Each structure stands twice: as structure tokens, then as C-alpha cells.
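Here's the structure we're looking at; comments come further down.
Basis for what follows: all heavy atoms, side chains included, without hydrogens, waters or symmetry-related copies. Just so it is clear, the model here is predicted, and its values are computed rather than measured. Both counts, for ligands and for their atoms, begin at 1 and track the order of listing.
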Amino acid sequence: MPSLSRRTDTFTESMIRKMTRISLENNAVNLSQGFPDFNPPEALINRMAEVSHENYHQYAITWGSQRMREALAKKQEHFSGMKYDADKNVLVTCGSTEAMMCAMMTVCNPGDKVIVFSPFYENYGADAILTSAKPIYVPLIPPAFNFDVDVLEAAFKQNPKAIILCNPSNPSGKVFTRDELQIIADFAEKYDTFVITDEVYEHIVYQPNKHVYFATLPRMAERTITCSSLSKTYSITGWRLGYIFADEKIIDVAKKVHDFLTVGAAHPLMETVVTALEFDDKYYSDFLAVYQHKKDLFINGLKRLDLSFSDPQGAYYVLVNTDEFKVTNDIKFCEWLAREVGVGAVPGSSFFREDVNNYIRFHFAKNDDTLIEALNRLESLKKKAIAANGNFN
Ligand SMILES: Cc1ncc(COP(=O)(O)O)c(C=O)c1O
């Protein structure tokens, strides 16, 4: 057999999927892979059934069905105040995963540098490798996950093509303040850099924090590639629908990348989600209230168990600090956790570029019963972990 491409040589199995597998093997409550175990809104399911009898079974326009793009532009204007032309500034993709890859391929030539904050959502590393871009990592320093302005500027001085900004952030739960975003914007302008944002958790931001769409900052619209998704906002991670908003010149190139990568997203689903994109404000406040409740339930449980963690400002993840358990290998620790305690988590090292072994990530996008069961099981964690005395094999 001839040799295969070396592109993925440095890829390891996705730690999130590995932990899901280990959770299943051990019958553990799986709080590793971040997806809800509850249904999408009823109206969306009903509309899906109707659409199956309508005539949406063939290819749609490659950059997204007209009605979906129009509904997206309207929704984005409602929440961000930005005016987008549905024909010129919007591209529908197969999830934010494709949107981010498409954005990278749109702006980067092989060898170009991109700034990535660490800890980061694991796909960004793979996106960089697949586009032959070189990441420059800038630490978000726990427990508050702030960045050092001088370190960030030093990264910008290395002539990067783009910075990737995940806001609200997975895994840290950080919601960047307007002042922090303005610092990034000033550097992006000074060093003439694109800003690729991943805003899939835009509607999961806990009071008093506020989501600021990066493109709304002065003069940022022209250099911002806003990526987001319907996966989280409507609890439809399996539908694979995401999108990009950007300047027409950028979207024109992104359309070409998307066309040859996927041709397009699923037509019947694009038609179905128009219903969701037209939901009124009450949907979004109820949706946030559900997550606020889940966060309170889970976080209060962690507090009761006297575990140390960073309270997330947005998204649905929490990083728990494991310093007190003398963890030297957090992968082994998570395997032990699934086996001995019966709860699945993701080792923090899979998100950090730095040598960090003292965090594990749980997600709380689960039914209350699932979260309560996980908390019940975690009651034995402290005792068992201290007894293990650093030996988690
Ligand atoms: C930050 C972030 N971006 C993107 C995704 C994937 O989004 P999609 O389902 O739209 O591809 C996730 C999923 O966990 C995520 O956490």
C-alpha cells in the first residue's frame, strides 16, 4: 500500500471522545462530552416532521438556503445590532466546527501564524495543523483566566494572520469583558490581523456578565469572522448547523472553501431551523434560566463536596482543581475517576498548551437527575482520592 498523508500524524485520539468511551465501559455518568441529554424545543421537532413532507430533499444553494440565511441575518441584527446582508455576509456551514475550519482556510496560507488562547477548545489545534498554520499560544491564567497584555502583544508582534477567540470560552467558562475585547481589537488593528471568533455559547452567559459580539467593536466588522452554531442554542448538536458572518470579500472566499469541502448543509434541516431562528426573546431568557438552574445545581453540589473550581461566567463547563489530590497524570486520574467513582470528566491537559495537570472538566448540560446522580457519586471522590495518595493507576 502507498503511504498515507502525514497530515494527521500528530493527532491523538480526541480526549473528549476517549473519555466518553471510558465512561461507557465503566457505566459512569458521562460529564465529559458537552452535549445535552434533553430534547430540542417541541416546535422544532414538530416542524421537522412537517418539513419531511415538503420538497426540501435535494441540494440547497451551497452557501445556505435563502430562508435560513435571511432568518440568521435578522436574528443576528436583533442580538448584536449589526446589519448583515443575507446574500453577501452570511454562510451556512456544517456546524461551527466547519465554520472555524473554513475561516482558517479562508485567511491562512501554509506557514501563517495564528494566535490561540490556552486553554482552548481542542479543535483549534487540529484546525491549525490541517491548514498548515502555526499556532502561537497565549495563556489565559487560572483561576480567573485573564491574559497578560504584554504576552498578548508579544504574540501579535510575531506577525500572525489571525487570532482565534472563543467567547464565551470552552473550557474555562470565561466571558471576555468589553475592555479585554477592546485590547484585542486595538492589537488586531495595530498589527493588521483577522479575528476569528467562535461564539457558540453566545446565549449562555450568566448574570451579571454580558456577551459582546466582537464584530460590534469600532472598526472590527471588516476584520472579524464571526463563527457560531445552532448546536448549543437549540440543543441540536446532531443537526450539524453553523454559520459565518463576515465582510462580503471574506465570505466570497469562504463560500468557495465550503462549496468544495461539503457542498452544503442538510437542506431539510436548514428549512426546519427557520422556526427556531424566529423564536422571540422569551425563548432565549427561558433557555438561559434552564442553564442558570443547572449551573447552580451542579456548582452548589461541588461546593457542598468542598471541591475547588472556577465558577463559569458562560457556557456549560466547569474546571475543577485537583491540587489536593497530588495528580501527576490527569489522564490516568480521569480514567480512575470513571472507574472508581463512576463519573466521566475530561483531563484539563487536553485543553492547555502549558504543562498543566491539575484541572479536570465537567459539563452540566444534562438533565437534573443525571447531575444529581453524578454529584451523589462524587461524594466518595475526596475520600477515595486522598486514600489513593497520588496513585491513580
Ligand atoms: C467552543 C466550541 N466550538 C464549537 C463546538 C462545536 O460546535 P458545532 O456542533 O456547531 O460544530 C463546540 C462543541 O462543544 C465548542 O465547545
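- A heavy-atom cutoff of 4.0 Å around ligand 1 is satisfied by the protein residues Gly95, Ser96, Thr97, Tyr121, Tyr124, Cys166, Asn170, Asp198, Val200, Tyr201, Ser229, Ser231, Lys232, Arg240, Tyr317.
- Annotation: salt bridge (Lys or Arg N to Asp or Glu O under 4.0 Å) contacts involving residues 314-324, sequence neighbours excluded, comprise Glu324-Lys382.
- The minimum heavy-atom distance between Pro41 and Phe279, with the atom names listed, is CG-CE1, 3.8 Å.
- Sequence neighbours left out, the pairs with a member in residues 325-348 that pass salt bridge (Lys or Arg N to Asp or Glu O under 4.0 Å) are Lys18-Glu335.
- Every residue was checked against the side-chain hydrogen bond (donor to acceptor under 3.5 Å, both in side chains) condition with Ser235, not counting sequence neighbours, and none meets it.
- Within the 4.5 Å cutoff, the side chain of Val257 has no heavy atoms near those of the Met101 side chain.
- A salt bridge links Glu153 with Lys190; the closest basic N to acidic carboxylate O contact falls under 4.0 Å.
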